[in-house]
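Heads up: the structure comes next, in structure tokens.
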Amino acid sequence: MSDQYRFIDPRHAYPVISPPVQQQPEPGLQSQADPVPDLGEETYRGTGRLAGRKALITGGDSGIGGAVAIAYAREGADVVISYLREEQSDADHVLEHIRAAGRIGVGVPGDLSERGFPAELVARAVEELGGLDAVVNVAGRQLWVPDIADLSEEQFEATFRTNVFAAFAIVKAAVPHLAPGSTIINTASAEAYSPAPDRLDYAATKGAINNLSKGMAQQLIERGIRVNVVAPGPTWSVLQVTQGVDPESLPEFGSSEAPIGRAGQPAEIAPAYVYLASGESSFTVGATLSVNGGMITP
Ligand code: NAD
Ligand code: MG
């Protein structure tokens with residue numbers, strides 16, 4: 001069993017996976033992915049670093065967002081997660097773990113690419129949690145299109161709506177509720193620096209998220225709100241099997257891109273989000289924390 005507290009060679013801290021070729025319609029169910037991504041259900045140990053915090057986590061049903069939600073609850077935070085309606089069963093799995101940690105866990109399904117929903121979601125989170133002090137934008141879509149001739153303007157726009165516009169709208173709606181000390185964390189990617197040729201729209205959104213976050217960080221620190229970014233590298237999640245990457249490449253997923261020689265698991269990304277939400281990162285503002293198994297970034 002992988003465990004973040006055991007002294008171990010990081011190359012072997014989690015399994016070196018070779019996922020079989022598989023495909024699900026977007027957004028996909030993590031419970032049906034082979035192997036099922038590790039959200040740290042069996043391993044994450046909290047130490048009270050987010051005691052009493054009130055967090056909204058988008059994409060909290062699965063993958064990185066799901067791992068963050070479980071970690072935050074075990075660190076003492078109450079949590080609202082957002083996800084798409086089709087993902088209710090994955091959301092229920094994460095909500096069970098939040099509640100098992102003795103915290104409030106509320107799920108709010110809805111499509112973040114629809115104008116107006118991000119603000120509704122923030123209002124629901126404030127209502128359910130009695131306030132808000134941690135906003136974590138993890139939701140994102142990634143669709144593999146190898147030839148620019150096949151990349152439609154509709155897809156280009158939808159990817160930007162989901163990955164960039166929604167994060168902007170959520171932060172805009174949340175700011176009036178955020179007291180000094182609150183934290184905002186957005187999710188970029190190694191793709192922000194090394195765009196894959198077959199994910200032009202996706203990679204561009206990740207560059208935009210980085211830039212937007214650094215601008216917001218400068219503006220919002222004047223209110224005592226810190227904005228930071230996590231930029232994961234290849235991480236095993238259902239995103240990969242919902243046309244996220246070339247299906248034929250799945251057996252090699254992560255093994256050649258990252259010097260560590262394997263894909264990461266969501267459980268290995270979540271601690272970065274804990275750090276950036278907690279007071280331990282009080283002097284970290286406008287930073288991008290890469291968690292990518294050794295890929296070179298600026
Ligand atoms: P995931 O599929 O488990 O999570 C993505 C979530 O985004 C979905 O669960 C879904 O709830 C949400 N989402 C997508 N479109 C939405 C919409 N229109 N409305 C509401 N919610 C929507 O995959 P993941 O890999 O854990 O992805 C989480 C984040 O991490 C994404 O932003 C992704 O770009 C980023 N990321 C992932 C990797 C990786 O290798 N897995 C690497 C770098 C960055
Ligand atoms: Mg999901």
Side-chain angles (χ1 to χ4, degrees), residues 17 19 24-33 36-39 57-69 81-94 107-115 117-118 120-121 136-143 158-167 169-170 185-196 199 201-210 229-245 250 253-254 257-258 262-270 272-273 288-293 295 297:
I17 57 168
Q24 292 186 42
E26 206 194 355
L29 283 180
Q30 165 178 280
S31 59
Q32 307 298 308
V36 175
D38 182 349
L39 306 190
I57 304 170
T58 68
D61 62 299
S62 62
I64 294 165
V68 172
I81 60 171
S82 102
Y83 46 89
L84 289 160
R85 282 181 205 290
E86 305 94 292
E87 301 174 299
Q88 188 63 50
S89 62
D90 276 352
D92 287 339
H93 167 74
V94 170
V108 182
D111 186 343
L112 286 167
S113 68
E114 278 175 16
R115 203 179 289 271
F117 180 66
E120 260 176 56
L121 172 64
V136 187
N137 287 305
V138 186
R141 78 194 288 260
Q142 169 185 325
L143 289 178
T159 305
F160 265 84
R161 282 209 165 281
T162 306
N163 297 8
V164 183
F165 289 32
I170 285 175
I185 305 167
N186 294 325
T187 304
S189 167
E191 299 275 329
Y193 310 112
S194 311
R199 268 158 272 169
D201 53 336
Y202 173 81
T205 66
K206 294 303 177 177
I209 288 165
N210 240 347
V229 184
V230 177
T235 307
W236 181 241
S237 74
V238 71
L239 193 74
Q240 314 304 341
V241 305
T242 49
Q243 301 169 61
V245 297
L250 285 171
F253 180 74
E257 293 161 276
R262 62 173 178 85
Q265 292 291 330
E268 298 180 273
I269 315 293
Y273 290 82
T288 301
L289 179 43
S290 285
V291 187
N292 64 21
M295 295 166 74
T297 62

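Model, not experiment: these values are computed from the prediction. One-based numbering along the sequence shown. Atoms within each ligand, like the ligands themselves, are counted from 1 in listed order.
Note: Ile209 CD1 to Asn186 CG = 7.0 Å, rounded to the nearest 0.5 Å. Rounded to the nearest 0.5 Å, atoms CD (Glu268) and OG1 (Thr235) are 8.0 Å apart.
The proximity of Thr187 to ligand 1, defined as any non-hydrogen pair under 4.0 Å, is limited to the side chain. Neither the backbone nor the side chain of Gln30 has a heavy atom within less than 4.0 Å of ligand 1. Residue Pro37 does not touch ligand 1, judged by heavy-atom distances below 4.0 Å.
Scanning Ala190, Ala67, Ser237 for the heavy atom closest to atom 23 (O) of ligand 1 points to Ser237. Closest heavy-atom approach to atom 38 (C) of ligand 1 among the candidates Ser189, Gly233, Ala91, Pro234: Gly233. By heavy-atom distance, the residue among Pro27, Gly65, Gly110 lying nearest atom 20 (C) of ligand 1 is Gly110. With distances taken over non-hydrogen atoms, the option nearest atom 4 (O) of ligand 1 out of Ser62, Gly244, Gly63 is Ser62. Among Thr235, Leu39, Val138, the residue whose heavy atom lies closest to atom 32 (O) of ligand 1 is Val138.
When hydrogens are left out, the protein atom nearest atom 5 (C) of ligand 1 is Gly140 O, 3.8 Å; that is the closest non-hydrogen contact. The shortest contact between atom 43 (C) of ligand 1 and any protein heavy atom is with Pro232 O, 3.2 Å. In terms of protein heavy-atom proximity, atom 6 (C) of ligand 1 is closest to Gly59 CA, 3.9 Å. Annotation: atom 15 (N) of ligand 1 to nearest protein heavy atom, Thr162 CG2, 3.5 Å. Among all protein heavy atoms, the one lying closest to atom 37 (C) of ligand 1 is Ile64 CD1, 3.8 Å. Closest to atom 27 (O) of ligand 1 among all protein heavy atoms lies Leu239 CD2, 3.9 Å. Looking only at heavy atoms of the protein, atom 44 (C) of ligand 1 is closest to Ala188 O, 3.3 Å.
Here is the list of ligand 1 atoms found below 4.0 Å of a heavy atom in Asp111: 17 (C), 18 (N), 19 (N). Set against the non-hydrogen atoms of Tyr83, the atoms of ligand 1 under 4.0 Å away are 11 (O). Of all atoms in ligand 1, listed by their number and element, those nearer than 4.0 Å to a heavy atom of Asp61 are 8 (C), 9 (O), 10 (C), 11 (O). Residue-ligand proximity, Val238 to ligand 1, at heavy-atom distances under 4.0 Å covers atoms 2 (O), 3 (O). For ligand 1, the atoms sitting less than 4.0 Å from at least one non-hydrogen atom of Leu112 are 17 (C), 18 (N), 19 (N), 20 (C), 21 (N), numbered in the order shown with element in parentheses. Less than 4.0 angstrom separates some heavy atom of Gln240 from each of these atoms of ligand 1: 39 (C), 40 (O), 41 (N). For ligand 1, the atoms lying closer than 4.0 Å to a non-hydrogen atom of Tyr202 are 33 (C), 34 (O), 35 (C), 36 (N), 43 (C), 44 (C). Residue Ala139 approaches ligand 1 through these ligand atoms, each under 4.0 Å from one of its heavy atoms: 7 (O), 12 (C), 13 (N), 21 (N), 22 (C), 32 (O).
Note on ligand 1: Trp236 sits outside its first shell, no heavy atom being nearer than 4.0 Å. At least one heavy atom of Glu87 sits less than 4.0 Å from an atom of ligand 1. Using 4.0 Å as the threshold, Gly60 has no heavy atom nearer than that to any atom of ligand 1.
If you look at the Mg ion (ligand 2), the protein N, O or S atoms less than 2.8 Å from it are Asp61 OD2, Ser62 OG, Glu87 OE2.
Legend: residues meeting salt bridge (charged side-chain N to carboxylate O under 4.0 Å, His left out) with Glu87, ordered by chain and number and at least two apart, are absent. Applying the side chain to side chain contact (heavy atoms under 4.5 Å, CB included) rule to Glu191 yields the partners Ser189, Ala196, Arg199, Tyr202, Ala203; only residues at least two apart in sequence or on another chain are considered.
Of all heavy-atom pairs between Ala267 and Ala67, the closest is N-CB, 4.0 Å. Pairing each heavy atom of Val94 with each of Asp61, the nearest pair is CG2-O, 3.3 Å. Between Val138 and Gly65, the closest heavy-atom pair is CG1-N, 3.5 Å. Of all the heavy atoms in Ala139 and Gly59, the pair that sits closest is CB-N, 3.7 Å. Residues Pro118 and Leu112 approach most closely at CG-O, 3.6 Å, considering heavy atoms. The minimum heavy-atom distance between Thr162 and Ser113, with the atom names listed, is OG1-CB, 3.5 Å.
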side-chain contact (heavy atoms from CB on, under 4.5 Å) between Ile185 and Val230, worked out = CA-CA 7 Å; Ile185 305 167; Val230 177; 4.0 Å; yes
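Thr187 places a side-chain heavy atom less than 4.5 Å from the side chain of Pro232. Residues Met295 and Pro234 are in side-chain contact: their nearest non-hydrogen atoms beyond the backbone lie under 4.5 Å apart. Counting heavy atoms from C-beta outward, Glu114 and Arg161 have side chains that stay 4.5 Å or more apart. With a 4.5 Å cut-off on side-chain heavy atoms, Thr288 and Tyr193 count as touching. Taking the side chain as every heavy atom from C-beta outward, Val241 and Trp236 approach each other to under 4.5 Å. Taking the side chain as every heavy atom from C-beta outward, Tyr273 and Val291 never approach each other to under 4.5 Å.
In terms of N/O distances under 3.5 Å, ligand 1 is approached by Lys206.
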Side-chain donor-acceptor distances from residues 24-32 under 3.5 Å, at least two apart:
from  : atom 1 : to     : atom 2 : distance (Å)
Gln24 : OE1    : Leu29  : N      : 2.7
Gln24 : NE2    : Leu29  : O      : 3.0
Glu26 : OE1    : Arg141 : NH2    : 3.3
Glu26 : OE2    : Arg141 : NE     : 3.1
Gln30 : OE1    : Gly63  : N      : 2.7

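In summary, the side chains of Ser62 and Asp90 do not present any donor paired with an acceptor at a separation below 3.5 Å, with no hydrogens or angles considered.
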